[in-house]
Amino acid sequence: MEKKRILSILVKNESGVLPRIGGLFARRGYNIDSIAAAKTENPKITRMTIVATGDKSTLEQIEKQLLKLYDVLELKVLDNENSVSREHVMLIAGNSEETRANLIQVANLFHANILNVTEESLMLELTGKPTKIDSFIKLVEPFGIIKLARSGLTALEKR
Amino acid sequence: MKLNGAEIVLECLLEQGVDTVFGYPGGSVLNLYDALYKYSDKIRHVLTAHEQGAAHAADGYARSSGKVGVVIATSGPGATNLVTGIATAYMDSIPVVAITGNVPVNLLGLDSFQEIDITGVTMPVTKHNFIVKNIEDLADTIREAFLIANTGRKGPVLIDIPKDITVKETEYVKKVIEPVSNYYADITSDQIKEVVDLIENSQRPLIYAGGGVIASEAYESLKEFVEKIDAPVSSSLMGQGSFDNTDDRYIGMLGMHGTVTSAYAVTECDLFIGLGTRFSDRVICDIKSFAPNAKIVHIDIDPAEVNKNIKVDLQLLGDVKCILDILNKEIKPKNNKEWLDKVYSWKKEYPLKMVEEDDEMVTPQYVLETLNELAGEKAIITTEVGQHQMWTAQYYKFKYPRTFISSGGLGTMGFGLGASLGAQVANPDKRVINVAGDGSFHMNCNELVTAYKQQIPIIELLFNNNVLGMVRQWQRLFYGKRFSQTTLDRDTDYVKLAEAYNVRGYRITKKSEVRDVLTKALSENTPALIECVIDRDINVLPMIPAGGSINKPIVNIDI
Ligand SMILES: Cc1ncc(C[n+]2csc(CCOP(=O)(O)OP(=O)(O)O)c2C)c(N)n1
Ligand SMILES: [Mg+2]
C-alpha cells in the first residue's frame, strides 16, 4: 500500500547537496511529492522537508539511503502527532469583472491575502495545511487559475 | 610550514601512510606532478597507459592489501576515463581515493578547456566526493576523504582540485592519523540471544559469506564460527577466499553459477546466515524459491542492505568480525552430522565439471587446476569478466582472503589487467596472475606496457575461445543460437602482440603443453602472456537463468 511520509532532514549547506538528494530519488525510482529547502538559523545547515510516497519497504529504504549520504546530518519522520506542517500557495485567478466579487468572497472565506489586483484577475496567497490549500484551490478553480505556485510542504517537529 | 597545494596533497597522502599512487599526468595536475617529482623518494607513482587502467590498479591495490588505493588524473578526459574504474570500486565497496585536477576556480562553469564537472558525473558512483575551492580546506578534505573511504561500508571517494588551489600556498600542520576502527556492533543482548537460540534450534544451518567478510578481516572469526555451529559454507563471488575452499564444509558459490550443492543446501536449510553480503539478484535468483524453509539472519555493516532485496527474520548491524566474535563467545559447539552428511553426498554426486576431459583438448578446468597446483594458495588471481571469470571462481581453490580479485557488482570487462598491476605492486613477493578472455583482453591490453615498463611481473593467462563466450552462452540458451556480434575470430597474434610490448608470449594449443608453459612462466620473474586456445562452445555450468528458481540449476546445455 502506498503511503505518504514527511521527512525533515538537516543537511550541510553545500553546493552539491540538492543534486545528491535529487539524484538519489531519481536513480532509485523513489517518488518525491515535494521538497522544500532553505538554510536554518545556522547558515552552514539547511533544513529540507521532503514528502515522499511509497510502500512500506520503499519508505524504509528512502530513509536508510538518505542517511547514507554524507551530507545528511539528521533525519526525522514527521506526522500530525509530533509536528506541525504548513504549505504556502500563490496564485492568479479570475477572468471577468462579473465574477470578481465571488472570487473575493472565496478568498475571504479562507483568509487568503490579496496581493495584486487587475481588471480581470487577482493574485492571492494562502498559508495552511496542505488539505486546506487543496480545498482553496478547488474552490478557486471555477474562476480560472492562470498561474499557480505551491511552496511544497514545510514542517517542524514540536518540542 | 608553508607549502603549496600540490605539496599539501602529497603530505596528506604521507600522513595516511600512502607510498604508492597510480595515475596519468595532464595540464590541470602539472603542479601535482611537479610535487611528485620532488617527493619521488617517498611516493612511487605508477604510470599506466590509460587512466582507466590506473583506476583499476588502485582498486586492485586496495583489494589485495586492504589499504586505500590512490589514483590521480587530470581534468576533463583524464577524469572521465576514471569513471568506470570508480564505479567498479563503488559496486564492490572498495576503498579508493581518486584525485582529479580541474581548471582554476575562476574558469569553473565556463566550459573552459578540459573542464568537466567530475563531482557531478561521479555522484552516483562514489561514496562521497568533494571539490576544493579554498586552499584552507584542502588538507582536511583529503583527511576526510580517506576517513569516508575507509569507514563502515567502504567505497571510493573523489576529490576534485582546481589547478590554482595546487599553486596557492598556506600553512600546513602535519596531523597524526589514527587508524580507522570499524570494529563495532550495533546490537542488543536480546538480539544476540535470539540468534543464539536460532542457531541452537536449527538442524540444517547454512552460512553464506559475502565480500564483507573480507572487508572486515573476519577470516579467522568465520572459521571459528563455522566449526562451532558445524554448518556448510557457501559464498558469493565477492566472498571467494573468505573461507578456505579446500575445507570439507565449503560447498562452492551460490547463485547464477553456483554449485548444485549450494543450490540444494539453500533450498533445504532451516537457517540461512548471510554475512557481509547484499543479497544480489545474481545470488537470490527467484526470490520465492530462495531459502523457502529457512529463517534468514542477515549480518552486515550497512543498514540499507537489510530488507532491501530480501526480507529477513533477524538483522544484526555492525562489523562482521565484531559480531562473529561476540557470537563465538555465546554459542555452544553444535553437531549437525546428519545435515552435513547429506550435503557431502550432494557434493559427491554433483561435482563441478563442464566437459569430459580428454587427452588433447585444452579445457579451462584443466588449465586452472594445473595453475592452482603450480602457483599455489598464496598466489593472487585477478580476472576479467566473462566465462573465464566464472571458471576461475569455480575451479581455483582459494584458501585465503584477498587472493581472488574480480569485478563482481559492475562486471567490468577490462578490469583485470589493471587490477593485477595494482595487486602485484602491493604484493611484490607474491605471484599475480590475471585470467582473461580474448574479448576482455582487447579492452585493456594496452596495460601490458605498464607491466613491462614498471617491471611488474604479472602473468596474463588468456583463454582464447575467439568469442564473447558468456554472451554467446546466453544467445545459445535464450536467443535461438543467433550469435549476434559475439563471434570475434579476430586472428590476433597474441604472442606477437605481447612481444611488441616487450612481454614474453606463449601459446598453448594442446593439453600436453599446459604444465610446461605454466611452470616456465611462473619460474621467471618477468611479465608474461599465455594464450590458451580453447573451444568456443564450452559453457559455464551449472547455471540458473536470471530470475530462475534456485533449486533447478541447468547442468547440461545442448550445443
Ligand atoms: C565493459 C563491458 N562491456 C560489455 C560487457 C558484457 N559482457 C559480459 S561477459 C562478455 C563477454 C566476455 O568475453 P571474453 O572476455 O572473451 O570472455 P569469455 O566469456 O569468452 O570467457 C560481455 C561482452 C561487460 N561485462 N563489460
Ligand atoms: Mg572469449
Side-chain angles (χ1 to χ4, degrees), chain A residues 1-32 35 37 39 42-48 50 52-78, chain B residues 87 90-91 93 95 97 102 105 108-109 117-134 137 140-141 143-160 162 186 278-279 287 298 300-312 315 317:
Chain A
M1 228 239 323
E2 296 269 299
K3 274 199 168 143
K4 252 193 217 321
R5 185 166 290 183
I6 305 168
L7 303 169
S8 177
I9 60 177
L10 292 180
V11 299
K12 289 189 192 158
N13 182 15
E14 275 166 22
S15 58
V17 172
L18 214 54
R20 264 179 227 286
I21 288 175
L24 175 73
F25 275 78
R27 193 157 70 240
R28 295 191 180 267
Y30 303 148
N31 289 322
I32 221 167
I35 185 164
K39 67 179 180 229
N42 178 349
K44 286 188 176 148
I45 292 177
T46 294
R47 182 180 296 281
M48 278 188 192
I50 299 175
T53 350
D55 58 24
K56 195 165 158 275
S57 65
T58 306
L59 291 171
E60 185 185 324
Q61 267 295 308
I62 292 175
E63 278 174 47
K64 286 173 168 179
Q65 294 292 349
L66 278 171
L67 280 170
K68 272 174 76 164
L69 292 180
Y70 193 69
D71 287 336
V72 173
L73 306 171
E74 188 192 291
L75 180 150
K76 287 246 163 76
V77 177
L78 302 184
Chain B
Y90 181 72
M91 291 296 278
S93 311
V97 168
N102 210 333
V105 172
L108 282 170
D117 170 20
I118 197 64
T119 50
V121 171
T122 57
M123 227 169 241
V125 295
T126 49
K127 208 175 152 188
H128 192 66
N129 59 26
F130 298 93
I131 178 161
V132 183
K133 292 184 182 168
N134 203 327
D137 298 335
D140 279 341
T141 303
R143 291 165 188 147
E144 217 172 330
F146 274 83
L147 189 68
I148 295 169
N150 238 335
T151 307
R153 180 174 177 180
K154 303 178 187 212
V157 178
L158 179 136
I159 312 164
D160 196 26
D186 196 3
R278 60 190 178 84
F279 289 94
I287 192 141
H298 190 180
D300 199 88
I301 202 160
D302 182 357
E305 288 304 341
V306 179
N307 289 330
K308 186 182 85 178
N309 291 351
I310 193 164
K311 292 274 163 278
V312 302
Q315 47 173 297
L317 290 176

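Since this is a predicted model, take the numbers as computed values, not measurements. Residue numbers start from 1 in every chain, and the chains themselves are labelled A, B, ... in the order their sequence lines are given, proteins ahead of strands.
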Residues in side chain to side chain contact (heavy atoms under 4.5 Å, CB included) contact with B:R143, at least two apart in sequence or another chain: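 Scan of B:R143 (side chain to side chain contact (heavy atoms under 4.5 Å, CB included), adjacent residues dropped) gives B:C12, B:E15, B:Q16, B:A139, B:D140, B:Y172, B:K175, B:I177.
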Once the angle between the rings of A:Y70 and B:H128 is folded into 0 to 90°, is it parallel (under 30°), tilted (30 to 60°) or perpendicular (over 60°)? tilted
Rounded to the nearest 0.5 Å, how far does CE of B:M123 lie from CG of A:L24?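 Spacing of CG (A:L24) from CE (B:M123) equals 11.5 Å.
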Can you pull the side chain to side chain donor-acceptor pair (under 3.5 Å) pairs that have at least one residue in residues 19-29 of chain A, sequence neighbours excluded? A:R20-A:D71, A:R20-B:N129
Contact residues of residues 1-18 of chain A (partner chain B; heavy-atom separation under 4.5 angstrom): A:K12, A:G16
B:R153 and A:K68: CA distance, side-chain angles, deciding distance, side-chain contact (heavy atoms from CB on, under 4.5 Å) verdict: CA-CA 10 Å; B:R153 180 174 177 180; A:K68 272 174 76 164; 3.7 Å; yes
Could you list the residues that satisfy ring pair (Phe, Tyr, Trp, His ring centres under 6.0 Å) with A:F25, not counting sequence neighbours?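 Checked A:F25 against ring pair (Phe, Tyr, Trp, His ring centres under 6.0 Å); matches are A:Y30.
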Shortest non-hydrogen separation from B:A304 to A:Q65 and the atoms involved: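 Looking at all heavy atoms of both residues, the closest pair is CB-NE2, 3.7 Å.
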Taking all non-hydrogen atoms of both residues into account, name the closest pair between B:V306 and A:Q61 and its distance. O-NE2, 4.3 Å
